[in-house]
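Notes to accompany the following structure.
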Amino acid sequence: MAGRRFSLLRLFRRKKEEESPGAAPAQQPEEVQQVQPPQEDAGQERTEEQLRARGRFRRAAQLVCRFIRGIWHEEATFMATGDTANSDLFNAQTSAALLDLLVENGVYKAKQVPAIVRCIHQWLTSNVSAEHRLDKTLVLLTEAHPTDVAVTLLRSAPACDRAARTMWKTLISSRRTKEPVLQILFHVLEYWPAHRRRTSDGDERDVFALAATVALWEILQLSHSWCPGGVKNNSPRLLLTLLFQVFISTEEMSEEVETFWRRCREQRSLPPNPNRFAVQTVKALLRQLLDEDVLMAIGRKCGWDMLLKADTHHYAVGLLARELCRFSRSFCRSIAVSLLPRLSRGEPLWELPALAFLVEVLHCLNPRQCGPSVLQIISRHLRRQCPERRRLALRGLLVLSKAPSMAKSIRSLNESLLELLQDADTDTVQMTLSVFINVLGLKVIEISSPIALKLLEVLRPLFDNEHSQLQQLSMLLFRELMEATERSKSLKPHVYLSLVPFYFNWHNENQRVAEASRRALFGAAKFLQWRALEQLVTMEQPWRFPECLVRTAPKPQPLAPLEHPALCSPQTRPQRLLARPQGSAGRGAPCWGQGAPGQGAEPEPSLPSVPWRSLQLEKDRSRVGQYVRQALPFLESPEEPLRKLAIKFLGIAARSMKQEQPELQLICQALQGITDDSPAVSDLALQTLHIIRAVRRTSFFPFW
């Protein structure tokens, strides 16, 4: 300590001698040696030299006291009032030495740290040629008081001038101060518009997040050839914070933020809007982590421009997530892990963009680890009124539904998904159907009868939807549902009502819809244990379906294909009916070659004891009427083959109905009204109508 003081005194003495206007030339000491004063005046001369040395020491002491007093009582110095009377302190090397002396030896109190930081900043502002003179002092001070140094620097230089840039670079370059300073900087960034942080001197002024953004941007610019380890390790957290800052500065701008940014622009050349500057910082951060091709790809898709608009911000965030996933899945996984706590808290401001980002990177996560928390977030958004939130939640649920470990957990969302199947939005219904298909296709769970019943009621209107994709998915889901649910009598009526739409869509021009209909029809036949129907679907013989549906009943025992009444063609059936052997007209007579008793003739199969109409129709006459009402709308189908098919189906159904059934009149009226269609369809309708009237007048009507 004493050595430092004497070195300072020698520095003052040398400076005073150099600056003295009456200083003698270099030869002056030799002349003084030649002229020796009287011996009696020697004591007097030594006294004068002591007085001059004492004066120089007093002036140095006053300078030190003045410097320390300016730090300890900052409110009365130039740093508080703008007074430049003490500017000579900062133009000399003495002030730097004094700062070194104070910090290195700890001759200061904790509450003087902000004042020392401001003094260092002012000294660097005044001494351009000696930027790194106080690097060691700044590092020592920051190592002991990182919060006071970082926050004071953000307050005193929010626009990050040249001196502040030098100080930030010094702090980031030091291994001892890099991590604590960056953590404080990141913490300030996360609070919008400002964060209240108290320093040791009692200052509680707000620290604006934009000041930390400017400092971060300068750090990234200074380190364009290298990325600080702290920035790279915290890049997911930084990216999310900056994206949120872009959104919130676009969505709302308070008066205090505008005033702060205007003051920063007066000091430096910055973009007019804070959101544009935040986008620049996002680019600078990604440039340190990714290739330039990723940024160019986002720019070609107008991603940077969409970030600056409130209504397209979440689309841009999703686009950014997709491009990042193509480059680095591990980086996206880290971002998603950082995003989950933010979404779990339910922050309303940036919830939609955060959900958009999560959905795009969800396939990078492990469902076993993050699935429950993600499912909780998704279930909350499925009940929102915002259509965009529901669509994003369904997209995330589609990813989770492919994981077997999530099947049982997704089952808790059945009620919400059933409501979404009735939504007016086509995309919402399509994704909901896909979720059900994925879950049931895993063969992990079974659907209970009440849920299956509700699902069948919702699915039936979708079989004839105008969107082919919805038709296909609804039929595929029906097939999966038939395999995943337990057989119940309560489900059979709904399954019967699904047969007619499947039959007509089996002839759809769209091959995907036709194949889905065939598979759904096979699933229904298997569920109903209807062997004849199952066989004709397997053999791909759709022309046999109307007779099988209207005239036959499911048999418990299998019959040969040519002998089963459901598989006989309509043309051969009257001949088979009339070709009875003689003596077999009565109900009690022997049947088909049965000889007299005792003659040993081999008995032949007898006629069925029931008419050709279905046994099920005897129990429930209204089912044929329901089939007719389902087939009538197909008369107005835009596809001509389906209109012809509907006419044939109605003709077969009409011949098996009773006179008093109201659906019979509907069939006749519908066929009479087909006059403005194509000639082929009109002629077929008239022919079918004549056949119905002719057949009903015959005596074989009860059987035919």
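We use all heavy atoms of the structure for the numbers below, so side chains are in, but hydrogens, waters and symmetry mates are not. Since this is a predicted model, take the numbers as computed values, not measurements. When a residue number appears, it is its place in the shown sequence, counting from 1.
Proximity of the aromatic rings of Phe277 and Trp217 is defined here by a centroid distance below 6.0 angstrom, and this criterion is met.
Taking each heavy atom of Ser235 and Leu285 in turn, the nearest pair found is O-CD2, 4.1 Å. Scanning all heavy atoms of the two residues, the minimum distance from Ser517 to Trp506 falls at CB-N, 3.6 Å. Residue Phe463 comes nearest to Asn505 through the heavy atom pair O-ND2, 3.1 Å, listed as atom of the first residue, atom of the second, then distance. Annotation for Ile410 and Ser401: closest pair CD1-CA, 3.6 Å, computed over non-hydrogen atoms. The nearest pair of heavy atoms linking Val337 to Pro341 is O-CD, 3.2 Å. For Gln245 against Thr213, the heavy-atom pair with the smallest separation is OE1-OG1, 2.6 Å.
One distance of note links CD of Glu486 with OG of Ser488; it measures 6.5 Å at 0.5 Å rounding. With values rounded to the nearest 0.5 angstrom, Thr147 atom OG1 is found 3.5 Å from Ile184 atom CD1. Atom CG in Leu324 sits 13.5 Å away from atom CZ in Arg333 (nearest 0.5 Å). One distance of note links CZ of Phe357 with CD1 of Ile335; it measures 4.0 Å at 0.5 Å rounding. Distance check, rounded to the nearest 0.5 Å: NZ of Lys178 to CD1 of Ile172 gives 8.5 Å. Note: Gln369 CD to Leu365 CG = 9.0 Å, rounded to the nearest 0.5 Å.
Ser344 and Gln376 are not linked by any side-chain donor-acceptor pair at a separation below 3.5 angstrom, with hydrogens and angles left out of the test. No hydrogens or angles considered: nothing links the side chains of Trp350 and His314 as a donor-acceptor pair under 3.5 Å. Of the N and O atoms on the side chains of Glu179 and Gln183, at least one donor lies less than 3.5 Å from an acceptor on the other residue.
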Exercise for the section: Please report the C-alpha distance between Arg518 and Glu515 in whole Å, then the side-chain angles of each, then the deciding distance to 0.1 Å, and finally whether the salt bridge (Lys or Arg N to Asp or Glu O under 4.0 Å) criterion is met. Expected result: CA-CA 5 Å; Arg518 188 191 68 82; Glu515 178 60 22; 2.9 Å; yes
Practice task
Go through the steps to decide whether Asp201 and Lys111 satisfy the test salt bridge (Lys or Arg N to Asp or Glu O under 4.0 Å), and finish with yes or no.
Solution key: CA-CA 4 Å; Asp201 59 347; Lys111 64 179 181 180; over 6 Å; no
Practice task
Check the pair Leu397, Leu417 against side chain to side chain contact (heavy atoms under 4.5 Å, CB included), reporting the backbone distance first and the verdict last.
Solution key: CA-CA 11 Å; Leu397 197 59; Leu417 294 176; 3.9 Å; yes
Practice task
May I have the step-by-step check of side chain to side chain contact (heavy atoms under 4.5 Å, CB included) for Ser249 and Met253, ending in yes or no?
Solution key: CA-CA 6 Å; Ser249 57; Met253 277 289 291; 4.2 Å; yes
Practice task
Just do the salt bridge (Lys or Arg N to Asp or Glu O under 4.0 Å) check on Arg342 and Glu190 with the steps written out, would you?
Solution key: CA-CA 11 Å; Arg342 186 186 296 266; Glu190 292 176 341; 5.3 Å; no
Problem - Residues Asp425, Arg390; criterion salt bridge (Lys or Arg N to Asp or Glu O under 4.0 Å); working and verdict - result: CA-CA 10 Å; Asp425 183 58; Arg390 293 199 300 268; over 6 Å; no
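Relative ring orientation between His187 and His195 is described as perpendicular, the plane-to-plane angle rising above 60° on a 0-90° scale split at 30° and 60°.
Under a 3.5 Å cut-off, the side chain of Ser412 and the backbone N or O of Ser409 do form a donor-acceptor pair. For the pair Thr312 (side chain) and Tyr315 (backbone), a donor-acceptor distance under 3.5 Å is absent. In this structure, the side chain of Ser334 engages the main chain of Ser330 through a donor-acceptor pair within 3.5 Å. In terms of modelled atom types and a separation under 3.5 Å, the side chain of Gln288 and the main chain of Leu220 share a donor-acceptor contact. Looking only at distances, a side-chain donor or acceptor of Asn465 sits under 3.5 Å from a matching main-chain atom of His467. For Arg368 (side chain) and Ser405 (main-chain N/O), no donor-acceptor pair under 3.5 Å exists by modelled atom type.
Within 6.0 Å of NZ on Lys309 lie no more than 12 heavy atoms contributed by other residues, nucleotides or ligands. With a 6.0 Å radius and a threshold of 12 heavy atoms from other residues, nucleotides or ligands, Glu255 has its CD atom at or below the threshold. By the 6.0 Å contact criterion, CZ on Arg391 is enclosed, its count of non-hydrogen atoms from other residues, nucleotides or ligands being greater than 12.
Put simply, the side chain of Val188 does not reach to within 4.5 Å of the side chain of Phe208, judged on heavy atoms. No side-chain heavy atom of Val399 sits under 4.5 Å from any side-chain heavy atom of Met406. Side chains of Val439 and Arg411 form no contact here, defined as non-hydrogen atoms less than 4.5 Å apart. Looking at heavy atoms from C-beta onward, Leu462 lies in side-chain contact with Leu459 at the 4.5 angstrom threshold. Contact annotation: the side chain of Leu171 never approaches that of Leu182 to less than 4.5 Å [non-hydrogen atoms, C-beta and beyond]. The shortest side-chain heavy-atom distance between Leu319 and Met306 falls under the 4.5 Å cut-off. The side-chain heavy atoms of Phe436 and Leu433, taken from C-beta on, include no pair separated by under 4.5 Å. The shortest distance between side-chain heavy atoms of Leu242 and Leu216 falls below 4.5 Å.
Salt bridge annotation for Glu266-Arg263: absent, with no cationic side-chain nitrogen under 4.0 angstrom from a carboxylate oxygen. Note on Arg326 versus Glu323: salt bridge recorded, some NZ/NE/NH1/NH2 to OD/OE distance being below 4.0 Å. With respect to the salt-bridge test (charged N to carboxylate O, under 4.0 angstrom), the residues Arg519 and Glu480 do not qualify. Remark: Glu218 does not engage Lys169 in a salt bridge, criterion side-chain N to carboxylate O under 4.0 Å. Taking 4.0 Å as the cut-off between side-chain N and carboxylate O, Glu419 and Arg383 do not count as a salt-bridged pair. Using a 4.0 Å cut-off between charged side-chain N and carboxylate O, Glu483 and Arg479 make a salt bridge.
For Glu351, the side-chain contact (heavy atoms from CB on, under 4.5 Å) criterion is met by Leu343, Arg380, His381, Arg384, Arg389, not counting sequence neighbours.
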Would you mind writing out the side-chain donor-acceptor pairs for residues 149-162 within the sub-3.5 Å range, not counting sequence neighbours?
unit_1, atom_1, unit_2, atom_2, d
Thr152, OG1, Asp148, O, 2.5
Arg155, NE, Arg205, O, 3.3
Arg155, NH1, Thr199, OG1, 3.3
Arg155, NH1, Asp203, O, 3.4
Arg155, NH1, Asp203, OD2, 3.4
Arg155, NH2, Arg197, O, 2.4
Arg155, NH2, Asp203, O, 3.4
Arg155, NH2, Arg205, O, 2.7
Ser156, OG, Thr152, O, 2.9
Asp161, OD1, His121, NE2, 3.1
Asp161, OD1, Ala164, N, 2.9
Asp161, OD2, His121, NE2, 3.2
Arg162, NH1, Glu131, OE2, 2.9
Arg162, NH2, Leu124, O, 2.6

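Of the options Leu442, Leu481, Thr432, Leu473, a side-chain contact (heavy atoms from CB on, under 4.5 Å) to Ile437 is made by Leu473 and by none of the others.
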